[in-house]
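Quick notes on the structure that follows.
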Amino acid sequence: QVQLVESGGGSVQSGGSLRLSCVTSEYTSSNYLMGWFRQAPGKEREGVAAISTDGSTSYADSVKGRFIVSQDRAKNTLYLEMNNLKPEDTAMYYCATGPFYSGGYYAILSTVRYKYWGQGTQVTVSS
């Protein structure tokens with residue numbers, strides 16, 4: 001059972017920045033996806049950013065140019081740097097991992113591609 005633990009959430013004002021971290025107990029295999037998702041109250045969970053084994057990344061249109069996903073495999077850690085935050089970014093943020101999939105840029109942002117999930121970290125952006 002892979003365990004993921006997120007941290008780094010908090011409350012910031014609009015235009016501010018946060019850096020989320022996700023430590024995993026292990027990488028499930030040599031080929032994998034790792035992603036960040038978010039869920040606001042009353043809304044479905046949505047993909048924010050993802051990164052695959054080869055380092056390729058995908059981003060939701062709403063965060064392109066503001067968020068950066070990266071990983072440090074030596075530390076088993078996934079990061080999400082969030083800049084120019086907006087009130088609509090307010091949500092619980094989750095990291096997740098699943099088997100490698102190469103079905104397309106937006107396909108790897110789908111929740112169905114992920115098997116293991118963290119408990120989430122809250123991000124609140126005030127105007």
Side-chain angles (χ1 to χ4, degrees):
Q1 181 79 13
V2 177
Q3 295 182 332
L4 303 96
V5 180
E6 304 96 335
S7 62
S11 297
V12 296
Q13 291 189 328
S14 183
S17 298
L18 284 173
R19 188 193 196 201
L20 305 184
S21 299
C22 172
V23 179
T24 67
S25 59
E26 63 181 281
Y27 280 110
T28 55
S29 69
S30 60
N31 295 307
Y32 59 86
L33 292 175
M34 292 205 73
W36 287 99
F37 296 79
R38 67 186 181 187
Q39 188 167 19
K43 294 187 177 181
E44 292 187 355
R45 190 170 297 188
E46 63 174 356
V48 175
I51 188 167
S52 58
T53 313
D54 61 2
S56 59
T57 56
S58 294
Y59 296 93
D61 291 344
S62 59
V63 306
K64 280 180 183 176
R66 300 189 297 123
F67 290 13
I68 300 172
V69 61
S70 62
Q71 60 183 336
D72 185 334
R73 293 195 67 180
K75 295 182 179 180
N76 284 354
T77 302
L78 179 73
Y79 301 100
L80 184 67
E81 182 179 343
M82 306 186 295
N83 302 304
N84 190 22
L85 283 161
K86 304 176 181 180
E88 51 264 42
D89 295 318
T90 295
M92 185 71 78
Y93 282 71
Y94 301 88
C95 69
T97 187
F100 179 77
Y101 179 77
S102 60
Y105 183 86
Y106 291 109
I108 65 171
L109 294 175
S110 172
T111 57
V112 300
R113 299 296 162 201
Y114 295 82
K115 182 177 181 180
Y116 300 103
W117 295 81
Q119 294 299 308
T121 185
Q122 178 67 37
V123 171
T124 303
V125 185
S126 58
S127 58

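Note that this is a predicted model, so its numbers are computed, not measured.
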Whether over 12 other heavy atoms sit under 6.0 Å from Gln3 CD = no
Check side chain to side chain contact (heavy atoms under 4.5 Å, CB included) between Ser7 and all other residues, then give those that pass, not counting sequence neighbours.
-> Ser21
For Glu46, side chain to side chain contact (heavy atoms under 4.5 Å, CB included) partners two or more places apart | Arg38
Residues at least two apart in sequence or cross-chain that pass side chain to side chain donor-acceptor pair (under 3.5 Å) with Glu81, listed by chain then number, are Asn83
Heavy-atom pair of closest approach, residues Glu6 and Tyr94 | OE2-CA, 3.3 Å
Looking at CG of Asn76 and OG1 of Thr24, how far apart are the two atoms once the value is rounded to the nearest 0.5 Å?
-> 4.0 Å
With a 3.5 Å cut-off and sequence neighbours excluded, list the donor-acceptor pairs that the side chains of residues 107-115 form with protein atoms.
{"from": "Ser110", "atom 1": "OG", "to": "Val112", "atom 2": "N", "distance (Å)": "3.4"}
{"from": "Arg113", "atom 1": "NH2", "to": "Tyr101", "atom 2": "OH", "distance (Å)": "3.4"}
{"from": "Tyr114", "atom 1": "OH", "to": "Ile108", "atom 2": "O", "distance (Å)": "2.6"}

Closest approach of Leu33 and Thr97, non-hydrogen atoms and distance?
-> O-OG1, 2.9 Å
Check: Val125 main-chain N/O paired with Thr90 side-chain donor or acceptor under 3.5 Å | yes
Under the side-chain contact (heavy atoms from CB on, under 4.5 Å) rule, what do Met82 and Leu20 come out as? Steps first, then yes or no, please.
-> CA-CA 8 Å; Met82 306 186 295; Leu20 305 184; 3.7 Å; yes
Glu88 atom CD, over 12 foreign heavy atoms within 6.0 Å = yes
Cluster link Met92 to Val23, ILVMFWY, side chain under 4.5 Å = no
Treat each ILVMFWY residue as a node, draw an edge where side-chain heavy atoms are under 4.5 Å apart, and state whether Leu18 and Ile68 are in one component.
-> yes
Hey, what do you get for CD (Gln13) to OG (Ser127), rounding to the nearest 0.5 Å?
-> 9.0 Å
Residues which pass side chain to side chain contact (heavy atoms under 4.5 Å, CB included) with Ser102, listed by chain and number, not counting sequence neighbours | Phe100
Could you pull out the closest heavy-atom pair between Tyr32 and Thr53, with the gap in Å?
-> N-OG1, 2.7 Å
Same cluster (ILVMFWY, side-chain, under 4.5 Å), Phe67 and Val12 = yes
Determine, using the 4.5 Å side-chain heavy-atom cutoff (strictly less than), whether Val123 and Val5 are members of one ILVMFWY cluster.
-> no
Donor-acceptor under 3.5 Å (Trp117 side chain, Leu4 main chain) | no
Any idea which heavy atoms bring Ser52 and Asp54 closest together, and the distance?
-> OG-OD1, 2.7 Å
Can you name the residues that form a salt bridge (charged side-chain N to carboxylate O under 4.0 Å, His left out) with Asp61, not counting sequence neighbours?
-> Lys64
Spacing of Arg19 atom CZ and Tyr79 atom OH [to the nearest 0.5 Å] = 5.0 Å
Disulfide (SG to SG under 2.5 Å): pairs with one or both residues in residues 97-127, sequence neighbours excluded | none
For Gln39, check side chain to side chain donor-acceptor pair (under 3.5 Å) against everything at least two apart and list the hits.
-> Arg45
For Gly47 and Phe37, work out which heavy atoms get closest and say how close.
-> CA-CD2, 3.3 Å
Closest heavy-atom pair and its distance - Leu80, Val48 = CD2-CG1, 4.3 Å
Any pair with a residue in residues 43-127 that passes disulfide (SG to SG under 2.5 Å), sequence neighbours left out, goes on the list, sorted by first then second residue, please.
-> Cys22-Cys95
Under the salt bridge (charged side-chain N to carboxylate O under 4.0 Å, His left out) test, residues paired with Arg66 that sit two or more places apart | Asp89
How would you list, by chain and number, every residue that makes a side chain to side chain contact (heavy atoms under 4.5 Å, CB included) with Lys43, sequence neighbours excluded?
-> Ala40
